[in-house]
Amino acid sequence: MRVRFAPSPTGDLHIGGVRTAQFNWMFARRHGGKFILRIEDTDQKRTQEQSLSGIMDGLRWAGLHWDEGPDIGGPYGPYIQSQRLAHYQYWANWLVEHGKAYRAYETPEELELISAARKANGLPPGYDRRARALTPADWARLDAEGKPYVIRLKVPLEGETVFEDMVRGAIRVRNDTLQDAVLLKADGFPTYHLAHLVDDHLMEISHVIRAEEWIPSTPLHVILYQAFGWQPPQFCHVPVILHPSGGKISKRKHPEASISYFIKGGYLPEAVTNFLCNVGWNYGKLDENGEEIQVFTKEEAAAVFDITQVTQTGTKFDVVKLKWLNGEWIRRLSDEDLARRLQPFFEAAALEAPLEVLVQVAPLIKERIKLLSEAVEMAGFLFRPDVPTPEPSALIPKGLTAEQTRAALQLAHEALAALPDFTIAAQEAALRDGAERLGIKTGQFFSPIRVAVTGQSVSPPLFEVMALIGREKVLARLARAIAVLQPTP
RNA sequence: GCCCCUAUCGUCUAGCGGUCUAGGACGCGGCCCUUUCAAGGCUGAAACCGGGGUUCGAGUCCCCGUAGGGGCACCA
């Protein structure tokens with residue numbers, strides 16, 4: 001079995017594209033087939049130069065590796081459509097010669113007028129197939145005038161076209177609702193309809209797994225296959241991904257439509273692919289409590305992937321659930337692995353965070369962050385030379401006066417300074433004892449210490465943090481906080 | 001406007017004629033744990049779009065509404 005993902009290099013990789021690619025990838029894995037990457041750059045106006053590498057980087061980030069593609073080649077290459085123009089031109093002309101397609105000489109402006117006129121007369125908009133009446137003699141004359149032409153498919157005027165979709169069953173449409181679609185444009189480039197179909201045939205694609213938006217043009221493709229006398233592939237149309245507000249998620253309006261949003265945002269590829277498995281499909285394995293397993297790899301999913309079980313409804317993209325899943329995956333990472341993935345985010349924040357320190361920080365923040373990027377906010381102070389001098393209001397906990405807080409900090413300073421070893425256990429023993437002697441709750445005692453030492457009211461566990469910072473800095477910061485709370489005479 | 005697809009908790013979904021007083025997850029509420037924040041444990045509220053059929057029996061099949069989505073380019 002051979003499947004392909006065939007994006008257009010018109011910008012960032014779309015999250016819906018990732019899901020489509022992933023379903024293709026899983027299908028290939030499940031059936032021991034090949035997953036092919038093909039680039040559909042037949043629109044000269046929209047093609048962007050760097051988009052190709054961006055798409056490949058995105059797929060690699062997601063771990064969706066292809067067996068044949070533009071960079072690695074393969075037996076059916078080339079895998080970039082702009083390098084395959086001769087094929088499309090040959091087959092377009094073949095259709096004309098066999099009476100399955102025809103030349104049409106209308107300009108885009110003329111087409112617009114035709115469409116508008118039809119609309120005005122209560123007819124469906126589109127082309128009225130007038131060029132079907134042209135003879136080869138007419139073509140010669142118009143060619144002599146230097147008029148450019150397109151090649152259009154001769155769609156049957158009557159009857160209906162039916163195809164079997166593996167996720168939706170039979171889909172049928174009346175042929176008179178179809179257009180004589182353009183196959184070859186005036187610039188000699190093919191349209192999607194021609195190019196993808198010729199390539200799918202030549203590349204021996206067995207299953208076309210693509211987004212739902214292609215359903216309306218699939219009958220056209222079936223007619224094209226019939227015109228060629230080729231065996232059509234199996235069609236599998238997967239639901240589109242919707243924005244929570246409804247409607248297709250688009251790169252233009254929604255930043256989260258691009259995969260780079262997730263890469264930069266601190267999402268793990270494991271979480272993103274895991275999440276994508278459950279939008280439009282369901283892993284469905286149960287754990288020992290009879291609950292569905294939520295956290296699984298795409299390899300595990302591929303082992304049981306069944307394209308016929310793909311959902312038929314458009315699905316909203318719930319970033320909140322993705323975040324939860326991302327947290328789950330972060331917690332499953334080893335300290336070393338997490339440290340390595342965290343480093344670029346500290347770098348991006350202009351903080352020098354050595355790996356050997358990050359390895360120690362990792363277990364402290366692992367269950368406190370949902371995104372890698374949140375680590376900077378949570379633990380960035382560990383890598384800054386100093387923290388801001390706290391405000392008195394931030395220092396004083398609920399239930400204590402300024403004077404009580406000052407006394408508490410004083411006691412903390414003394415207790416910590418007196419410790420023979422600045423270990424976590426020693427700190428904890430001393431400080432718990434301190435709270436008892438002060439007659440206040442540990443929470444009330446630790447709060448001002450936390451603010452003084454970390455500059456934050458929320459932080460990783462206090463003793464671990466203080467051990468990392470070191471006694472000297474901790475005492476200095478405590479002293480400074482005590483000074484802040486000194487009553488003004 | 002025309003064509004196509006779809007319809008279970010707020011969201012993602014399980015269900016493929018009886019085992020459904022409809023299951024799970026996220027989110028939300030409560031309780032517990034607790035040095036903050038989390039994480040974790042227990043627990044609660046929350047859905048079969050409406051109407052007709054078919055059938056002994058319908059969330060599950062059919063039809064009609066309605067709603068949502070997609071498509072109608074010399075873009076993919």
Side-chain angles (χ1 to χ4, degrees), chain A residues 6-10 40-43 45-46 104 106-108 111-112 115 119 122-127 148-152 165 168 171-174 176-179 181-193 195-196 210-219 237 239-240 242 244 246-248 275 278-284 286-287 289-295 309 311-325 327-328 331 365-370 378 397 428 431-432 435 441-447 449-451 454 456-463:
Chain A
S8 285
T10 55
E40 311 217 321
D41 59 341
T42 56
D43 186 345
K45 291 182 278 293
R46 292 205 312 155
E106 290 81 12
T107 64
L111 288 173
E112 235 167 87
S115 185
K119 247 178 163 170
L123 291 165
Y127 181 57
Y149 63 86
V150 300
I151 292 178
R152 286 182 181 270
D165 189 286
R168 284 157 210 271
I171 294 176
R172 60 180 62 225
V173 294
R174 292 207 324 271
D176 60 15
T177 66
L178 267 23
Q179 297 269 324
V182 171
L183 301 178
L184 199 69
K185 304 182 238 181
D187 64 3
F189 276 64
T191 60
Y192 171 82
H193 303 303
H196 93 280
R210 72 202 343 175
E212 183 184 13
E213 64 211 48
W214 290 110
I215 292 177
S217 45
T218 303
H237 288 98
V240 290
L242 270 22
K248 233 161 108 174
F275 177 76
N278 270 336
V279 355
W281 184 67
N282 189 250
Y283 183 54
L286 303 181
D287 63 17
N289 298 323
E291 291 177 349
E292 286 177 20
I293 295 172
Q294 301 290 329
V295 185
Q309 293 304 305
T311 299
Q312 305 179 36
T313 52
T315 47
K316 290 181 180 166
F317 192 93
D318 183 7
V319 187
V320 175
K321 189 162 186 178
L322 206 207
K323 270 194 189 176
W324 167 78
L325 205 48
E328 290 288 319
R331 270 170 254 141
I365 62 173
K366 208 177 249 186
E367 54 197 33
R368 293 181 166 73
I369 57 172
K370 284 195 166 76
M378 185 87 201
E428 179 158 10
L431 259 23
R432 283 190 186 283
K441 291 186 195 151
T442 48
Q444 289 176 310
F445 190 29
F446 297 168
S447 171
I449 302 175
R450 165 175 283 108
V451 173
T454 71
Q456 308 175 171
S457 58
V458 172
S459 82
L462 187 56
F463 312 122

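In what follows, chains are A, B, ... by sequence order, proteins preceding strands, each numbered from 1.
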[X] has a side chain; which of [options] sits nearest to it?
X      : options                : answer
A/D318 : B/rA39, B/rU11, B/rG71 : B/rU11
A/E292 : B/rG70, B/rG23, B/rC5  : B/rG23
A/E40  : B/rA76, B/rU35, B/rG1  : B/rA76
A/W324 : B/rU6, B/rA39, B/rG27  : B/rG27
A/R368 : B/rG71, B/rA38, B/rA14 : B/rA38
A/F446 : B/rG70, B/rG24, B/rU35 : B/rU35
A/Q294 : B/rC26, B/rA25, B/rC37 : B/rA25
A/T191 : B/rA14, B/rC26, B/rC74 : B/rC74
A/L111 : B/rA76, B/rC12, B/rC74 : B/rC74
A/E291 : B/rA25, B/rA39, B/rC75 : B/rA25

Touch class at under 4.0 angstrom, heavy-atom based, for [X] against every strand present:
X      : value
A/E106 : base
A/R174 : nothing
A/G327 : nothing
A/G290 : nothing

Can A/R46 and A/D43 be said to form a salt bridge (Lys or Arg N to Asp or Glu O under 4.0 Å), step by step?
CA-CA 6 Å; A/R46 292 205 312 155; A/D43 186 345; 3.5 Å; yes
Scan every strand shown for a Watson-Crick or G-U wobble partner of [N], both distances under 3.5 Å, and answer none if you come up empty.
N      : value
B/rC26 : B/rG10
B/rU21 : none
B/rC48 : none

Does A/K316 place a side-chain N or O at less than 4.0 Å from the phosphate oxygens OP1/OP2 of B/rG10?
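No, A/K316 has no side-chain N/O under 4.0 Å of OP1/OP2 on B/rG10.
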Heavy-atom donor-acceptor pair, A/K321 side-chain to B/rA25 base, under 3.5 Å
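Counting by modelled atom types and ignoring angles, a donor-acceptor contact under 3.5 Å is found here.
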Flag if over 12 foreign heavy atoms under 6.0 Å of NZ, A/K185:
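Counting neighbours around NZ of A/K185, more than 12 heavy atoms of other residues, nucleotides or ligands fall under 6.0 Å, so yes.
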Aromatic ring pairing A/Y192/A/W214, orientation class (parallel under 30°, perpendicular over 60°, tilted between):
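Judged by the thresholds at 30° and 60°, the geometry between A/Y192 and A/W214 is parallel.
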Any side-chain heavy-atom pair from A/L178 and A/P219 closer than 4.5 angstrom?
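Of all side-chain heavy-atom pairs linking A/P219 with A/L178, at least one is under 4.5 Å.
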Pairwise C1' distance, B/rG50 and B/rG29 [rounded to whole Å]
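Those two atoms are separated by 32 Å.
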Start at the 5' end of RNA chain B and walk down; is the nucleotide closest to A/P124 or to A/V240 reached first?
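Closer to the 5' end of RNA chain B: A/P124.
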